[in-house]
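Remarks on the structure that follows.
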Amino acid sequence: MKISTSSSLLVMLGLAVGLSGCNSAMVAYKKGVRHYDVGEYNLALTQFDKAAKGDIDPKRLNYYTAEAYRLSNRFAEAAPFYQKSIDAGTIEPDVRLNYAYALKAEGKYAEALTQLQQYLDSKPTNKVNLDKAQRELGTLRAVDAIAAKKTDIVLKNMANVNSPGSEFAPVIRGEELIFTASRKDVVYKNNGLPMLGLYRVKLNQNPDETGNAAQTFSNNVFQVDVNEGTPAFTKDGKAMIFARGNNGKRKGGLDVDLYISRLTGDTWSEPQRLPISDSTAWDGSPAFSADGKTLYFASNRANSVGGIDLYRTNMDASGRFSRPVNMGRDINTPGNEMFPFVAPDGKLYFSSDGHPGLGKLDVFVATRSQGVIRVENMGQPINSPADDFGYVLLDTDKGFLASNRAGGKGDDDLYYFGSTNPTDTPIAQKDPNDPNNPNNPNAPKIVRYFLAGTVSANEPTPAALDSAKVRIVEEGSGETVAEVTTGRPGTFGKYPLQEGKEYSIVAERKGYLTRREPFTMQGRSIPQVFLKKAETDTTFNVALLLDKVELNKTFVLDNIYYDLNKFDIRPDAAQELDKLVTVLKDNPTLRIELGSHTDVRDTDSYNLKLSQNRARSAVEYIVSKGIDASRMTAKGYGETVLIVKNAKTEEEHQRNRRTEFKILEY
């Protein structure tokens, strides 16, 4: 068939247009990925939308789109793109886990459960995400029981103060309501909303009608091109701690720190960064205790239990803060905990997506009794499938919170809550599901906890060890709560444990290095909502591996990292060296050589000197912990003993850049 000249021209023009379209789609896709990589998710989404008009790999494009929505806290928008990515055959390991959370945020619990089960069936290797998924699986299976907890509280959207943007983190100061809102002129590239600032408004006699004429909290605090929010005030109201950051200088929001501003007369001072802030982490949502002596805040700093954890620090009379302390696994989970509030009665309210809840963030209350911390979901209508957070009390039965639930005026909205019953009866006592309520049909259920385990030789195929002495020691008191010798199968147990306690399990056997394993009961209590029987026994099993003593046997110490060309002991390395200190204390006749190795990326002489200095620093650190220097020898090997001979990747170089100890005498 002969094609005319004009037809040929049309074909060529069509082909050119098609190629141009493909090229522009790829350009948009690459731009989107660049925005995504620096945390500019809203700009990334604009480019991904353009890329979708071309022939871009749907697995990657839809996954990136879903993740951009998730990471900018738009879970409902993320859900369909996760499904498209799965349909296209994505192999991303955590896609079904994140999809499950997105479905849960929409209240689609059955579908979320299906995705979560498929994620677990894939046998994920990420331990933190595996723990999150297992906990969430239990939550989704008990979601009907969680939803059954309802109180007589009534929520009212504060329409006069809310906008199409975001309002959250309400704080009561005198007769004013201070809150965080997205109202600045500069747009935040993460979510496409205006930057956050602090605002104030006079409380109305009818609190739910508060609003109209909200003002900037302070011109000295207000900075137009950063996010500012979540304030907390000292008891006298003359100092304010708040979060500030997202100036675009660092990726992923790690530039969010805590600042302090002080009131002199009617003027708030220029904010100063608090020394307790971690420059490598996100720090935010501060809150003071009722007496004003303890500051609580949220952070994702190194060694947190999960993503974001709650921490506390004490403030002395001169306004200095002590070293922050993680609040432990009874409060913190593999998920996120934030927005703390301490009521006058000492109860801690906070929001979490790791404790059993209805949505992404639910509000919980923590109480301590006889050393045991109980965490309870606040139930409906405080909680919903959406984000519910920033809970504060105005009185015993009324207060404020923030939520992005359906039916609101904008993104996050402020809500006022109050009881329909007389205000002199606290909400918690009227709750029919309250365990202290004599009319509660679901009386508290009893759980007894036990520990059992095995002792084996640490070999390629672990072999059970009989005649091993095992002691369970309660930390703090040092009391031995159990002592036993393993039998033929190398087993021991079961022995009762107490909730909230910390233990050490010490195993020793002739010819093997004594081993001490920490075991905590923090965070292991089974939530009441998961219990079906009046009484339940549950046993935790531990597996202890003992290393056989062999002269000149070498053990690699994990995670002993040094900054480039330096040999001072970093905090993360100190934690690993502390484990070696424990080994030396538990094995008092052990004498070792501590050896340090480098990669090949410098001269032989330089690397030899550097490794010797690093080994000596490690020995000096261990000596500072009470170990006799005569029990250790420091030796630097430089690059003379490589694990990976022709290392190319950073991971391979890191394997060569290691610290080891070798048994010299026992």
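In this text the structure is predicted, and so the values were computed from the model without any measurement.
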Donor-acceptor pair between [X] and [Y] side chains, under 3.5 angstrom:
X: D353; Y: N336; value: yes
X: S352; Y: E337; value: yes
X: N656; Y: E652; value: no
X: D387; Y: N73; value: yes
X: Y119; Y: D94; value: yes
X: E639; Y: T598; value: no
X: D283; Y: Y259; value: no

_Derivation and outcome, side-chain contact (heavy atoms from CB on, under 4.5 Å), residues L594 and L557_ = CA-CA 10 Å; L594 203 71; L557 296 172; 4.2 Å; yes
Under 3.5 Å, is there a donor-acceptor pair between the side chain of [X] and the main chain of [Y]?
X: T333; Y: R329; result: no
X: R273; Y: S277; result: yes
X: R631; Y: L590; result: yes
X: T491; Y: G487; result: no
X: S85; Y: Y82; result: no
X: T486; Y: L465; result: yes
X: Q115; Y: A100; result: no
X: N42; Y: N190; result: no
X: S611; Y: G638; result: yes
X: Q612; Y: A634; result: yes

Quick one: pull up [atom1] in [X] and [atom2] in [Y] and give me the separation to the nearest 0.5 Å.
X: F540; Y: L451; atom1: CZ; atom2: CG; value: 9.0 Å
X: L274; Y: R244; atom1: CG; atom2: CZ; value: 12.0 Å
X: F661; Y: I622; atom1: CZ; atom2: CD1; value: 9.5 Å
X: T114; Y: Y99; atom1: OG1; atom2: OH; value: 10.0 Å

Are the side chains of [X] and [Y] in touch, meaning some heavy atoms are under 4.5 Å apart?
X: L193; Y: Y188; result: no
X: N552; Y: I663; result: no
X: I592; Y: T633; result: no
X: H35; Y: Q47; result: yes
X: T454; Y: L544; result: no
X: L137; Y: Q134; result: no
X: R509; Y: L546; result: yes
X: M632; Y: I627; result: yes

*Apply the test side-chain contact (heavy atoms from CB on, under 4.5 Å) to residues F555 and L513: give CA-CA distance (whole Å), side-chain angles for both, the deciding distance (0.1 Å), then the verdict.*
CA-CA 12 Å; F555 300 86; L513 290 178; 4.1 Å; yes
For [X] and [Y], which heavy atoms make the closest approach, and how far apart are they?
X: A105; Y: F75; result: CB-CB, 3.9 Å
X: L97; Y: A133; result: CD1-CB, 4.0 Å
X: P462; Y: L545; result: CB-CD2, 4.1 Å
X: A28; Y: K50; result: CB-CB, 3.8 Å
X: M327; Y: N332; result: N-ND2, 3.7 Å
X: T485; Y: S467; result: CG2-CA, 3.5 Å

Does a sphere of radius 6.0 Å around [atom1] in [X] hold more than 12 heavy atoms from other residues, nucleotides or ligands, not counting ones at 6.0 Å or beyond?
X: K662; atom1: NZ; answer: yes
X: I91; atom1: CD1; answer: no
X: D121; atom1: CG; answer: yes
X: K553; atom1: NZ; answer: yes

*Under the salt bridge (charged side-chain N to carboxylate O under 4.0 Å, His left out) test, which residues partner E92, sequence neighbours left out?*
R60
*Of all residues at least two apart in sequence or in a different chain, which pass the salt bridge (charged side-chain N to carboxylate O under 4.0 Å, His left out) check with E67?*
R70
_Set out, in order, the CA-CA distance, both residues' side-chain angles and the distance that settles side-chain contact (heavy atoms from CB on, under 4.5 Å) for I86 and R96, then state yes or no._
CA-CA 8 Å; I86 291 170; R96 291 188 186 274; 3.3 Å; yes
*Check the pair E502, T520 against side chain to side chain donor-acceptor pair (under 3.5 Å), reporting the backbone distance first and the verdict last.*
CA-CA 4 Å; E502 303 273 355; T520 180; 3.1 Å; yes
*Considering residues at least two apart in sequence or located in another chain, which fulfil the ring-ring contact (aromatic ring centres under 6.0 Å, His included) criterion with Y637?*
H597
*Is it the case that K104 places NZ or CZ above or below the six-membered ring of Y101, under 6.0 angstrom from the centre and within 45 degrees of the axis?*
no
*Are S504 and E517 close enough, and set up right, to give a side chain to side chain donor-acceptor pair (under 3.5 Å), and what steps lead you there?*
CA-CA 6 Å; S504 283; E517 285 284 339; over 6 Å; no
_Under the salt bridge (Lys or Arg N to Asp or Glu O under 4.0 Å) test against D599, which residue among R657, K648, R658 passes?_
R657
*Quick check, are the ring centers of F519 and Y503 under 6.0 angstrom apart?*
no
*asked:* In this structure, is the centre-to-centre distance between the rings of Y36 and Y41 below 6.0 Å?
replied: yes
*After noting the C-alpha distance and the side-chain angles of I331 and R312, does the key distance pass the side-chain contact (heavy atoms from CB on, under 4.5 Å) rule?*
CA-CA 12 Å; I331 299 291; R312 68 172 183 273; over 6 Å; no
*Taking the six-membered ring for Trp, are F48 and Y29 parallel (under 30°), tilted (30 to 60°) or perpendicular (over 60°)?*
tilted
*Lys/Arg-Asp/Glu bridge criterion (N-O < 4.0 Å) met for D309, R301*: no
*Start with the C-alpha distance between N458 and D547, add both sets of side-chain angles, then the distance that settles side chain to side chain donor-acceptor pair (under 3.5 Å), and finish with yes or no.*
CA-CA 5 Å; N458 190 10; D547 291 300; 2.9 Å; yes
